[in-house]
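Working notes for the structure below.
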Amino acid sequence: MLDGVLMNRKHEITYARAIFCLIIVAVHILSNYLRDVELQDSNRMIVLSFQILILFATPCFIILSESLISMVYKDKLPQNFLLKRFKYIMIPYFLIGSFYIYTKYEVEGNKETYWQLYKDQLLIGNWYGWFVIVIFQFYILHMLFHKALSKSNPFIILMISFVISFTHSFLMYDNETYIHWWNEYYPLFHRTSILYWLFYFVFGFYLGRYYNEVLAFIEKRYIWLVSSLAVVIMSIIYSIYQNDVTVVQSNRYDILLYSVLAFLFILLIAKKLAKFDISFLYFIGEISFFIYLTHKIMVYYMAKYTFHFIDQFFIYNIATYLFALSLSVGLAVILSFLPFSRFLIGRNSINSMIKGNYNMR
């Protein structure tokens with residue numbers, strides 16, 4: 001569980017994590033919708049643009065993982081730092097990922113063997129759980145460089161990391177030679193490359209380290225934040241319509257700054273919401289990691305039933321969203337009562353919350 005340093009900020013951070021998680025589910029449901037329905041080009045572009053504008057949720061979820069580490073362990077890391085984090089994110093990655101590969105092998109009727117799919121997708125991160133590999137790389141970077149970063153000028157490191165991430169992201173979109181080189185020599189799925197995410201790591205590190213100062217700054221200058229966010233949104237829309245950059249991936253070069261501003265904006269909203277006890281957000285935040293790893297499997301099955309409403313945009317997407325989210329949440333609750341469930345669900349307090357509600361020990 002989070003230690004005493006974090007407890008005073010637990011509500012707002014948990015709320016923010018829940019919001020990011022809920023948005024991520026919406027991203028993938030819209031992908032399903034756009035894949036299965038025939039839309040006029042203008043309508044498709046509207047839905048696609050909205051989907052691109054909510055892609056910030058995945059980078060934000062990743063940023064939050066580093067911010068929490070930097071916030072809690074400012075001076076010294078605990079013993080077995082990497083081992084503990086491996087248990088709670090990489091074991092769920094392999095367990096849930098193995099089931100996902102099984103569904104692709106059995107249900108979708110792939111010609112490859114199960115072990116071939118396992119090697120070509122799960123081991124290298126070539127599936128929607130790739131973000132876990134990125135987070136684990138953040139932990140390694142934090143362990144190696146937290147002392148050096150603590151002594152460095154944040155603005156200089158942020159600028160250098162932004163240039164690196166932007167350049168890599170842009171070249172991976174626009175330069176065939178560069179793309180070929182990475183595909184040839186990088187052993188994992190290309191989206192796990194730390195160069196995409198280096199700016200987010202640095203931002204997350206300094207946000208966690210100077211959390212109070214950053215939050216106080218954006219609370220006083222929220223108009224500046226909203227104005228900057230509006231300008232960046234317009235630049236992304238321009239990129240979509242004028243430059244035809246329609247790829248729906250959270251490693252887009254044009255959402256680097258946008259994702260950081262969106263993170264601060266959502267954090268500010270979560271800070272305001274933290275004045276209220278919103279059980280739903282608290283509960284979703286506690287199991288957000290499990291929802292992220294399982295929701296796409298649920299969407300796959302639920303979409304078969306809600307497909308009958310495919311011509312009704314709102315009914316189809318809302319129904320698929322609610323059913324898929326409910327299945328992930330319900331499964332997390334059931335699994336929480338099994339021994340060693342924390343290695344599947346991740347660290348959470350579902351079991352203790354339910355027992356506490358009924359005064360059970």
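- The aromatic ring centres of F263 and Y200 sit 6.0 Å or more apart.
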>> Pair N317, F313 - check side-chain contact (heavy atoms from CB on, under 4.5 Å), show working.
In response: CA-CA 6 Å; N317 286 288; F313 175 81; 3.4 Å; yes
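- Under 3.5 Å, the side chains of T192 and Q137 contain no donor-acceptor pair of N or O atoms.
- The number of heavy atoms from other shown groups lying within 6.0 Å of CZ (F94) is above 12.
- When all heavy atoms are compared, the tightest approach of F131 to Y128 is CD2-O, 3.6 Å.
- Pairing each heavy atom of S169 with each of R252, the nearest pair is CB-C, 4.5 Å.
- Hydrophobic clustering, with ILVMFWY side chains joined whenever heavy atoms are under 4.5 angstrom apart, groups I135 together with L95.
- Sparse packing is recorded around CG of D41, with 12 or fewer heavy atoms of other residues, nucleotides or ligands lying under 6.0 Å away.
- In this structure, W181 has its ring center no closer than 6.0 Å to that of Y178.
- Between L122 and Y93, some side-chain heavy-atom pair lies under the 4.5 Å cut-off.
- Placement of V163 and Y258 in two distinct hydrophobic clusters is found when ILVMFWY residues are connected by side-chain heavy-atom separations under 4.5 Å, directly or transitively.
- Looking at H295 and Y292, their side chains come closer than 4.5 Å, going by heavy atoms from C-beta outward.
- When all heavy atoms are compared, the tightest approach of S328 to T294 is OG-OG1, 3.0 Å.
- Residues I297 and I334 do not share a hydrophobic cluster, clusters being chains of Ile/Leu/Val/Met/Phe/Trp/Tyr side chains in contact below 4.5 Å.
- At distances below 3.5 Å, not a single donor-acceptor pair connects side-chain atoms of R17 with backbone N or O atoms of E286.
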> Between F307 and I310, does a side-chain contact (heavy atoms from CB on, under 4.5 Å) hold up when you go through it step by step?
Replying inline: CA-CA 5 Å; F307 184 79; I310 193 71; 4.3 Å; yes
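- Atom CD of E38 is surrounded by 12 or fewer heavy atoms from other residues, nucleotides or ligands within 6.0 Å.
- Using modelled atom types, one side-chain atom of S161 and one backbone atom of L158 make a donor-acceptor pair closer than 3.5 Å.
- Here the side chains of L198 and H168 are not in contact, with every heavy-atom distance at 4.5 Å or above.
- The number of heavy-atom neighbours closer than 6.0 Å to CZ of F189, taken from other residues, nucleotides and ligands shown, is above 12.
- Interatomic distance, S235 OG to I255 CD1, rounded to the nearest 0.5 Å: 11.0 Å.
- Both V27 and I237 are members of a single hydrophobic cluster when ILVMFWY side chains are connected at heavy-atom separations under 4.5 Å.
- In terms of heavy atoms, M143 sits closest to H146 at O-ND1, 3.5 Å.
- Classification of the Y114-Y118 ring pair by plane angle, with boundaries at 30° and 60°, yields tilted.
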>> Between I133 and L188, does the side-chain contact (heavy atoms from CB on, under 4.5 Å) criterion hold? Intermediate values first, please.
In response: CA-CA 10 Å; I133 295 177; L188 304 178; 4.2 Å; yes
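- Atom-to-atom distance recorded for Y321:OH and M298:CE is 14.5 Å, nearest 0.5 angstrom.
- Atom-to-atom distance recorded for K84:NZ and Y139:OH is 13.0 Å, nearest 0.5 angstrom.
- Atoms CG and SG, from L55 and C60 in turn, are 11.0 Å apart once rounded to the nearest 0.5 Å.
- Across L256 and S165, no two heavy atoms sit closer than the pair CD1-C, 3.8 Å.
- The distance from the CG atom of L268 to the CD atom of E219 is 6.0 Å, given to the nearest 0.5 Å.
- Hydrophobic clustering of Ile, Leu, Val, Met, Phe, Trp and Tyr side chains at less than 4.5 Å, counting indirect connections, keeps V231 apart from Y253.
- Under the 4.5 Å side-chain criterion, counting only non-hydrogen atoms from C-beta, F265 is in contact with L225.
- Within the 4.5 Å cutoff, side-chain heavy atoms of H142 are placed close to those of F201.
- Put simply, the side chain of S49 reaches to within 4.5 Å of the side chain of Y241, judged on heavy atoms.
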> What do the steps show when you test S65 against F136 for side-chain contact (heavy atoms from CB on, under 4.5 Å), and what is the final call?
Replying inline: CA-CA 9 Å; S65 66; F136 197 73; over 6 Å; no
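- Other residues, nucleotides and ligands contribute only 12 or fewer heavy atoms inside 6.0 Å of the CZ atom of F309.
- Going from atom NZ of K275 over to atom CD of E12 covers 11.0 Å, rounded to the nearest 0.5 Å.
- Across all their heavy atoms, L264 and I218 have their closest contact at O-CD1, 3.6 Å.
- Between L293 and Y100 the shortest side-chain heavy-atom distance does not fall below 4.5 Å.
- By the 4.5 Å heavy-atom criterion applied to side chains, T306 and Y33 are not counted as neighbours.
- Atom CD of Q79 is surrounded by 12 or fewer heavy atoms from other residues, nucleotides or ligands within 6.0 Å.
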> ring-ring contact (aromatic ring centres under 6.0 Å, His included) between Y186 and W182: does it pass, once the steps are laid out?
Replying inline: CA-CA 5 Å; Y186 185 63; W182 272 92; 5.3 Å; yes
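- One N or O on the side chain of S227 and one on the backbone of I223 form a donor-acceptor pair closer than 3.5 Å.
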